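To start, the structure under review is shown below, and the notes come after it.
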Amino acid sequence: MANETNQRPGRTGKKIRRVRIGFNVLAQIVLVLFLAAMVNSIAFKHYARWDFSRDQKYALSDKTKRFLDTLKGKMRITVFFPPGTPISTDVQNLLTEYQYAGKGKVDIEHIDPERNLSRAKELFDKYKVVTDEPLLIVDYEGRNKTVKASEMADIDQSGMALGESPRVAAFKGEQAITSAMIDLVEGKKKTLGYVLGHKEPPLAEGSAISVLKTFIENENIQFKELNLLDLDAILEDVKTVMIIGPQYDFSDREMKVLRNFWDKQGRILLLLDPAAKTPKLDAFVNELGVKVNDDRLMVYLRTGIQELALTRDVQARFLGDSPITKRLADVRALFLGGTSSLTLEPDRVRAANTRLEPLIQAEKGYFAETYYNTDNQAKLQADAKRDNNTPVTIGAAIEKGGSADERVQVNSSRLVVVSNATFVQDNAITQDQQGLDFVSGSVNWLLSREQLIGIAPKVSKPLTFSLDQDALARLRWIILIFMPLIPAVIGTVVWWQRRV
C-alpha cells in the first residue's frame with residue numbers, strides 16, 4: 001500500500017513534465033510558423049530586383065523611376081497582345097519593372113484578344129479602339145492613351161520573303177510607355193520654341209537633330225518654329241526657346257525680341273558654334289555675366305613614344321552642383337568639333353540678382369588657344385604646358401531672380417549656354433548619349449520640371465557584330481574542326497575505358 005502511495009506522486013510529476021514539454025514544443029512550432037509568416041510577409045512587400053544582363057534591356061531609367069515616384073493616383077495599363085506578337089515577352093517583362101518601381105501605383109491587366117473576346121470588346125468599346133494592331137492602353141484618372149506595338153519596337157521584316165519570322169531590331173518600349181504616362185499626368189503639352197532663320201539645323205525628318213527632336217517630343221513637349229524677324233514678341237504659350245548652332249548673327253530687331261523675352265522671365269537654351277561669328281548673341285550672354293571667348297580648346301595626345309597628336313575634340317565632365325547635372329555628376333561626354341571656353345564673372349552680375357553656375361568643364365590637359373589657326377607647333381606646345389592645369393568651362397547656367405534654395409519655386413529668367421553645338425547631332429548622340437541626357441535635363445530645368453530631370457532611357461539601336469577576315473577564319477576553324485572534335489575525343493575516351 002505504501003509503495004502504491006509513493007509511486008503516484010512520481011507518476012503525476014512525469015505527466016506534468018510531459019505536458020510542459022508538449023506545450024513548449026507546441027509554442028516553439030507556433031513561434032517558428034509565426035516568424036516564417038512574418039519574414040514571408042515582409043519579403044513580399046519589401047524586396048529588390050537586379051538586372052545583370054549586358055544591355056540592361058528591361059532596367060528602367062532613372063528618369064522613369066523619378067516620374068513614377070511623383071504619381072499621386074493609380075496608373076492602369078491594359079495589354080492587348082496575342083501570344084504570337086514578337087515583342088510580347090519583352091513588353092511583359094518591362095511592365096513587371098514598372099509595377100515594381102511604381103510601388104503599388106501601377107496596375108497591369110493582360111488580355112488575349114483572341115481568347116477573351118468579351119473582355120476585349122468591352123474595353124475596345126470603352127476606349128474607342130479601332131485598330132487590329134497589338135497595343136496597350138494607359139489609363140490615368142479618366143484620361144487614356146494608346147501605345148501601339150509598332151511604337152515600341154523596330155521590326156525587321158526583311159526575312160519574311162525567305163520564310164523567316166519578323167525580327168525585333170530595336171526595342172524601345174520604355175520610351176513609348178513613359179512618354180504616354182507623362183502625357184496623361186501633365187495633360188497639355190509644353191511648347192518649346194525653336195528659332196530658325198540663321199542656318200540652324202531644321203526640324204524636318206532626316207535632319208541632323210532628328211533623334212534629339214523625337215526624344216524631346218516624347219517628354220510631352222511640342223516644338224514650335226519661330227522666326228524672330230516676323231514677330232514683335234515671342235508668343236505667350238512659348239515659355240522656353242531653343243537656339244542650336246546659328247551660323248549667322250541675329251539682327252538688332254531679333255535681339256530686341258530676345259531681350260524682351262528674357263526680361264519677362266523667359267527661358268533660353270543656347271548652343272553656340274564657335275566657328276560662326278555671332279557678336280550680338282555673344283554680347284547678350286556677356287551682359288548676363290558669361291563671356292564667350294574667341295579661342296579653341298585643344299589637347300596633345302601621345303600616340304607613340306615620341307609622337308604627339310593635336311586634337312580639338314573635347315572630353316569633358318559634368319559638374320554635379322546644379323539641378324541640371326546633379327544626376328550626371330562626373331559623367332564624361334565627348335564634344336566633337338570646335339569648342340570655345342567660357343569665362344564666368346559672377347561678381348559683375350551679383351547686384352542684378354543673377355546667379356551663374358558652371359555645368360561642364362573640360363578634362364585636365366586641355367588648353368584654350370587664342371591663335372587657333374596657327375601652324376606653329378612650338379607655340380601650341382608652349383601654350384599647352386602653360387595652361388593645361390587651368391579648369392576650362394564650356395557650359396554654364398544663368399538664373400535671374402531665382403532662389404538659391406532649390407525647394408523654393410520662384411518665377412525667374414533662366415538660360416543655359418554651351419560653346420559647342422555639334423554634340424546634339426545624331427551622329428554624336430547615337431554614340432554617346434550623355435549629351436542627350438544633358439539637353440533633356442536642361443530643357444526640363446528651363447520648363448521648371450525638375451522632377452523629370454534624370455538619366456533618360458537609352459536610345460535604341462540594333463545590336464550588330466563586325467568580324468574581319470581573321471575573325472572569320474578563326475570562327476570557321478571553330479565550327480568545322482574544334483566543335484566536331486570535342487564529341488569525337490569524348491567518345492574515344494569512353495570507348496577506351498570500356499575496352500580496358
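Computed from a prediction, not measured in an experiment: that's the story for all the values here.
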Regarding R253 and D232, does a basic nitrogen lie under 4.0 Å from an acidic carboxylate oxygen? yes
May I ask you to decide if the ring planes of F335 and F423 are parallel, tilted or perpendicular, using 30° and 60° as cut-offs? tilted
Heavy-atom distance under 4.5 Å between the side chains of L415 and F284, does that happen here? yes
Between E363 and R332, does any NZ, NE, NH1 or NH2 come within less than 4.0 Å of an OD or OE carboxylate oxygen? yes
What I'd like to find out is whether the side chain of Q247 reaches to under 4.5 Å of the side chain of D273, using heavy atoms alone. yes
From CA spacing to verdict: side chain to side chain donor-acceptor pair (under 3.5 Å), N293, T343: CA-CA 7 Å; N293 300 311; T343 300; 2.9 Å; yes
With the side chain counted from C-beta on, respond yes when Y140 and K145 share a heavy-atom pair under 4.5 Å apart, and no when they do not. no
Would one find more than 12 heavy atoms of other residues, nucleotides or ligands at under 6.0 Å from atom CG of D375? no
Any side-chain to backbone donor/acceptor pair from S413 onto W262? Under 3.5 Å, distance only. yes
Applying the side chain to side chain contact (heavy atoms under 4.5 Å, CB included) test to M75, which of E141, K105, M181 qualifies? M181
Closest non-hydrogen atoms of L269 and S442, given as atom of the first, atom of the second and distance, are CD1-CB, 4.2 Å
Between D426 (side chain only) and V211 (backbone N and O only), is there a donor and an acceptor less than 3.5 Å apart? yes
Hey, mind stepping through R350 and D347 against salt bridge (Lys or Arg N to Asp or Glu O under 4.0 Å) and telling me if it holds? CA-CA 5 Å; R350 186 172 288 114; D347 295 336; 2.5 Å; yes
Sorted by chain and residue number, the salt bridge (Lys or Arg N to Asp or Glu O under 4.0 Å) partners of D330 (sequence neighbours excluded) come out as R317
Examine distances only and state if a side-chain atom of K189 and a backbone atom of F223 form a donor-acceptor pair shorter than 3.5 Å. no
Is the closest basic N to carboxylate O distance between R259 and E287 below 4.0 Å? yes
From the options K190, E186, R449, select the one residue that forms a side-chain hydrogen bond (donor to acceptor under 3.5 Å, both in side chains) with N220. E186
Determine whether a donor-acceptor pair (N or O, by modelled atom type, separation under 3.5 Å) exists between the side chain of T422 and the backbone of L336. yes
Quick one, V439 and L212 - any side-chain contact, counting heavy atoms below 4.5 Å? yes
Would F438 and V424 count as a side-chain contact (heavy atoms from CB on, under 4.5 Å) if you check the C-alpha gap in whole Å, the side-chain angles of each, and the deciding distance to 0.1 Å? CA-CA 10 Å; F438 170 76; V424 296; over 6 Å; no
May I ask you to check whether F250 and H198 place their ring centres under 6.0 Å from each other? yes
Are the charged groups of K280 and D252 less than 4.0 angstrom apart, N to O? yes
Crowding at NZ, K256 (>12 non-hydrogen neighbours, <6.0 Å): no
Carboxylate-amine/guanidinium proximity below 4.0 Å for R414 and E399: yes
So which of Q222, K224, E236, K239 actually passes side-chain hydrogen bond (donor to acceptor under 3.5 Å, both in side chains) with T191? Q222
When you measure from the side chain of R66 to the backbone N and O of S61, does any donor-acceptor pair fall under 3.5 Å? no
According to salt bridge (Lys or Arg N to Asp or Glu O under 4.0 Å), who are the partners of K264, at least two apart in sequence or on a separate chain? none
